[in-house]
Amino acid sequence: MGRAPSGGFRRFAWTREDHDLSEWFDGEAAARGLDLVTDAAGNRWAWWGDPDADGPGVVTGSHLDSVPDGGAYDGPLGVVSAFAALDALRATGFVPARPLGVACFGDEEGARFGVACAGSRLLTGALAADRAAALRDADGTTMGEAVARAGHPPLRADPAALRRVGTFVELHVEQGRGLVDLGRPVAVGTAIHPHGRWRVDIAGRADHAGTTLLPDRDDPMLVLAQVVLTARAAAQRHGALATCGKVRVEPNGVNAIPSHVTAWLDARGADAGRVRAVVAEVAALAVRSGGAVTEESWTDRTPFDPALATRLSALLDDAPLLPTGAGHDAGVLATAGVPTAMLSVRNPTGVSHSPAEHAPDEDCAAGVDALVRVLRELAG
Ligand code: HGY
Ligand code: MN
Ligand code: MN
């Protein structure tokens, strides 16, 4: 679903593709006799057992939305593995001592409205409902309008849904190549590195590309070029990561000097201070040139429950304990105080957010086996 001409996937929140994926999820849950709940933030939960009566429960899952031209595994591997793990547990006659849930979080990538983990952040209250509703996509449609068109009530936090989660475990394809160098198929997550998104607005003066003399130009593309190069140089110097993967040029005409350029900076790294230093250098340059920088989201270093991580690593034959630079709904739940763990499945090239993203079937199967053992340990 949502296959793009690139061979990758384009599954944005509150679109037709998203609707089709939700129907798929609901069908898989119904086929297993699981109780389906959609929470007030638009996330979907499929329960084996009643978390309100016997909860809180043990939940596993991930997301189904994607970045533009994303890969097949980022998100879906965690949801599919969750269903497969429940099937494997049932096949052995396992009956959970605590309710077991499969979660599908909405709008994890923030590809359409710009805020990552929007579904889980709305759920926990980390993203205010009114701010979310007012977020606009490239066409100017607000999230509130898109949600209404999809037939869902206005999104808001859902403390009751959050209380049903006693422990959350997210299985996710590895985004980076730590495991291939360690020769292991599965790792246990220790933390998510600090990361954020900043919008850089650069005004120029629209004019004719073929007649305006160079000294008379106010061309924002020149500042954009400096922003991109400064971000990379500062990241190099500070031992961080940074890129501008999304740019909007107005009016975006070949023969028109732009009136305005907007760039989005994604900066991350193991040390929050270093990430902030990179952003500060980019912001100083942009502001010096008359531009403006707005922080759109920031996630500080998010440790997963260390006792739980150690326990799961031991359970999984001393699976490696690795941090990640990728943001996840698991990080949002951990920040909300839910005991949370992550399992990552080997990605031989480490490539992600690309049609080339891949995990070999045998490693995906190893991920399901690990998840079965974890769920048996936590819900048995
Ligand atoms: O951007 C991320 O780190 C995640 O894939 N949402
Ligand atoms: Mn992703
Ligand atoms: Mn993901």
Side-chain angles (χ1 to χ4, degrees), residues 2 4 8-13 17-18 21 25 43 60-82 103-122 126-127 168-176 178 187 189 191-199 235 240-246 264-270 272 275 295-302 304 322-335 340-347 349-359 364 367:
F9 294 88
R10 188 167 284 248
R11 300 164 163 161
F12 291 176
E17 293 77 14
D18 198 24
L21 288 160
F25 180 86
N43 307 297
T60 183
S62 190
H63 62 95
L64 294 175
D65 69 302
S66 76
V67 296
D69 294 350
Y73 297 79
D74 175 355
L77 183 65
V79 177
V80 171
S81 299
C104 179
F105 290 101
D107 199 3
E108 190 276 345
E109 297 291 3
R112 180 177 177 189
F113 295 104
V115 174
C117 298
S120 55
R121 283 187 164 134
L122 273 157
L127 172 62
F168 177 58
V169 180
E170 180 167 3
L171 180 145
H172 201 283
V173 66
E174 185 184 21
Q175 295 168 305
I192 292 175
H193 288 329
H195 61 283
R197 299 181 181 190
W198 290 264
R199 193 181 72 246
L241 300 172
T243 192
C244 291
K246 178 178 175 179
W264 280 265
L265 172 68
D266 181 312
R268 314 191 187 200
V275 177
E295 180 171 294
E296 292 203 332
S297 76
W298 171 252
T299 303
D300 217 326
R301 180 179 183 278
T302 309
F304 292 120
L322 297 177
T324 177
H328 298 285
D329 296 308
V332 176
L333 266 66
T335 303
T340 300
M342 279 203 81
L343 302 179
S344 57
V345 171
R346 177 165 47 194
N347 170 344
T349 64
V351 169
S352 184
H353 286 185
S354 156
E357 181 184 81
H358 181 73
C364 294

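This structure is a prediction, so every number in the text was calculated from the model and none was measured. Remember, it's 1-based here, ligands and their atoms both numbered in the order they're listed.
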Problem - Residue pair Arg121 / Thr299, side-chain donor-acceptor N/O under 3.5 Å - result: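 Side chains of Arg121 and Thr299: pair found under 3.5 Å.
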Handout entry: Any donor-acceptor pair under 3.5 Å from Asn347 side chain to Ala359 backbone
Key =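 Such a contact is absent between Asn347 side chain and Ala359 backbone.
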Practice task
Please state whether the rings of Phe105 and Phe168 are parallel, tilted or perpendicular, taking 30° and 60° as the class boundaries.
Solution key: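 Correct class here is perpendicular.
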Exercise for the section: Determine the minimum heavy-atom distance between Ala272 and Trp298, stating which atoms define it. Expected result: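 Scanning both residues, the minimum pair turns out to be CB-CZ2, 3.9 Å.
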Practice task
Return the minimal non-hydrogen interatomic distance between Leu171 and Ser81, and the atom names on each side.
Solution key: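 So the two residues come closest at CD2-OG, 3.6 Å.
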Handout entry: Heavy-atom side-chain proximity of Arg199 to Glu296 below 4.5 angstrom
Key =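 With C-beta onward as the side chain, the pair touches.
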For ligand 1, run through the N/O pairs with the protein that fall under 3.5 Å and put one pair on each line.
unit_1	atom_1	unit_2	atom_2	d
ligand 1	1 (O)	Arg268	NH2	2.9
ligand 1	3 (O)	Arg268	NH1	2.6
ligand 1	3 (O)	Arg268	NH2	3.3
ligand 1	3 (O)	Gly327	N	2.7
ligand 1	5 (O)	Glu109	OE1	3.3
ligand 1	5 (O)	His353	NE2	2.9
ligand 1	6 (N)	Glu108	OE1	3.3
ligand 1	6 (N)	Glu108	OE2	3.0
ligand 1	6 (N)	Glu109	OE1	3.0

Problem - Opening angle between NE2 in His172 and OD1 in Asp74, taken at the Mn ion (ligand 3), to 10 degrees - result: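 Rounded to 10°, it measures 80°.
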Exercise for the section: Decide, counting backbone as well as side-chain atoms, whether His63 has an N, O or S atom less than 2.8 Å from the Mn ion (ligand 3). Expected result: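 An N, O or S atom of His63 is closer than 2.8 Å to the Mn ion (ligand 3), so yes.
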Practice task
Decide, counting backbone as well as side-chain atoms, whether Glu109 has an N, O or S atom less than 2.8 Å from the Mn ion (ligand 3).
Solution key: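 No, outside the cut-off.
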Exercise for the section: Kindly indicate, with the supporting measurements, whether the criterion side chain to side chain donor-acceptor pair (under 3.5 Å) is fulfilled by His63 and Asp107. Expected result: CA-CA 8 Å; His63 62 95; Asp107 199 3; over 6 Å; no
